[in-house]
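Read the structure below first, then the notes.
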Amino acid sequence: MTTASTSRIDRQLSSSPRSQAERAALMADPGFGRVHTDHMVAIRWTVDQGWHDARLTAYQPLQLDPAAMVLHYGQAIFEGLKAYRQPDGGVAVFRPEENAARFNRSAHRLAMPELPHELFLAAVDELVAADHAWVPTAEGQSLYLRPFMIATEAQVGMRPAFEYLFLLIAFPVTPFFPGEVKPVTVWLSDEYVRAAVGGTGEAKCAGNYAGSLLAQRQAAEQGCDQVVWLDAVERRWVEEMGGMNLFFVLDGGKRLLTPALTGTLLPGVVRDSLLTLAPSLGLTVEQGRISKDDWRKGCEDGSIGEVFACGTAAVIAPVGHAKSATGNWSVGDGSAGPVTMRLRAALLDLQYGRAADPYGWLRPVQPAS
Ligand SMILES: *Cc1c(COP(=O)(O)O)cnc(C)c1O
């Protein structure tokens, strides 16, 4: 696949990029989202001019009017995708077209302007090219890309804003330690919900996350790592885990079930990738529904052997134990199961270029010349 033209983005390289030694020190232990790269992309939108003033610049603070509408009414959307170091030393971004498309679906839902796909991809290409050296080479690490858009118009009257800012920033991340995949314990919340039909659950908007924090805190108080969201109406059907999609492994490891996209789930790129990959590993896949009682009974009678969550940030996280107001149970023996680990390896091998890419999911990006 060829990289798109980036000619529409003005390149203003940082006058003070960090040295190779500083970068190496920061990348030794980057954590998640603490260590930013040297550059960012910014593109403005106004009702009169549309998208304009696209720039790659030094990473820097924003100047924002206190009346900027995002601060009052929360018009803010984001994406998350990653660039992976390839065996030949090159770099490839995983399925950015999917993120471009989802970004625009989120924009539409929040009455924000859509960004042309070529411009989204050009922004990704331009930043990854400029900060190519920030893509880690260490096993399991990657460069996390965070595109987002906020309403910047300065006025507090309630309506969709007439001015927006698209930004793209990047962070080297270590989401896991190779060889060690620790199963999580989840709390099934029947007090709080993430999304209701007709709401914003399908959009990757900042407000969805703000609304989830209290339930996440409750989960922690129950000794759990993550919250599992149930449907808003019956508090019965399993939807997601935190900011990740859920999969159930059935029939002795031969069948995968994931909750169908009912309008209240976030359609994950990893979810879609696993549904596509799994048949080549001899698994059948099904999008359906599963209740919290089915989950518990399935674990007790052994028909559900494994459960895992998936998303760009953490890849695949096995679920070992579940807790709810009405009881606790374990999934299998509480450890990461073989199907979970096989799927995880298959996905990582593709992303890191160790396996073939039959679907054309990798978008190579060369360093800036
Ligand atoms: C981002 C997100 C996911 C995972 O999406 P990926 O594209 O696979 O990273 C799942 N659920 C929610 C609520 C999310 O915000």
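All values below were derived from every heavy atom in this structure, side-chain atoms included, with hydrogens, water molecules and symmetry-related copies excluded. Numbering of ligands and ligand atoms starts at 1, following listing order.
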Can a salt bridge be assigned to the pair Arg18 and Asp38 using a cut-off of 4.0 Å between side-chain N and carboxylate O?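 Asp38 and Arg18: salt-bridged.
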
For the rings on His39 and Tyr59, is their centre-to-centre separation under 6.0 Å?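 No: the rings miss the under 6.0 Å criterion.
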
Protein contact to atom 8 (O) of ligand 1 [nearest heavy atom, distance to 0.1 Å]: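 The closest heavy atom on the protein side is Val270 N, 3.0 Å.
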
Starting from atom 9 (O) of ligand 1, what is the nearest protein heavy atom, named by residue and atom, and what distance separates them?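 Heavy-atom neighbour on the protein nearest atom 9 (O) of ligand 1: Thr312 OG1, 2.7 Å.
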
Do ligand 1 and [X] have nitrogen or oxygen atoms that lie under 3.5 Å from each other?
X      : answer
Lys204 : yes
Glu240 : yes
Leu266 : no
Asn99  : no

The test is salt bridge (Lys or Arg N to Asp or Glu O under 4.0 Å); show your working for Glu79 and Arg102 and say whether it passes. CA-CA 8 Å; Glu79 271 301 326; Arg102 189 171 66 190; 2.7 Å; yes

Determine whether the side chain, the backbone, both or neither of Arg102 has a heavy atom under 4.0 Å from any heavy atom of ligand 1.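 Arg102 to ligand 1: side-chain contact only, backbone stays beyond 4.0 Å.
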
Identified ring pair (Phe, Tyr, Trp, His ring centres under 6.0 Å) counterpart of Phe120 within the set Phe148, Phe103, Trp51: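 The option that passes is Phe103.
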
Residue-ligand contact Glu79/ligand 1, heavy atom below 4.0 Å: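 No, Glu79 has no heavy atoms under 4.0 Å from ligand 1.
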
Numbered atoms of ligand 1 (with element) below 4.0 Å of Arg194, judged on heavy atoms: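 Contacts of ligand 1 toward Arg194, numbered from 1: 13 (C).
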
Could you list the atoms of ligand 1 found under 4.0 angstrom from a heavy atom of Asn245?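 In order of number, 10 (C).
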
Can you figure out which of Gly268, Gly243, Gly311 has its heavy atom closest to atom 3 (C) of ligand 1?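 Closest candidate by heavy-atom distance is Gly243.
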
Tell me whether Asn104 contacts the main-chain N or O of Leu115 through its side chain, where contact means a donor paired with an acceptor under 3.5 Å.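 Yes.
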
Got a list of side-chain donor-acceptor pairs under 3.5 Å for residues 214-223, not counting sequence neighbours?
{"from": "Gln216", "atom 1": "OE1", "to": "Val227", "atom 2": "N", "distance (Å)": "3.4"}
{"from": "Gln216", "atom 1": "NE2", "to": "Asp225", "atom 2": "O", "distance (Å)": "2.9"}
{"from": "Gln218", "atom 1": "NE2", "to": "Glu191", "atom 2": "OE1", "distance (Å)": "2.8"}

Which residues satisfy the side-chain hydrogen bond (donor to acceptor under 3.5 Å, both in side chains) test with Asp333, sequence neighbours excluded?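 Scan of Asp333 (side-chain hydrogen bond (donor to acceptor under 3.5 Å, both in side chains), adjacent residues dropped) gives Ser335.
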
Co-membership, hydrophobic cluster, residues Tyr84 and Leu343, 4.5 Å side-chain: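 Looking at the clustering, Leu343 is in the same group as Tyr84.
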
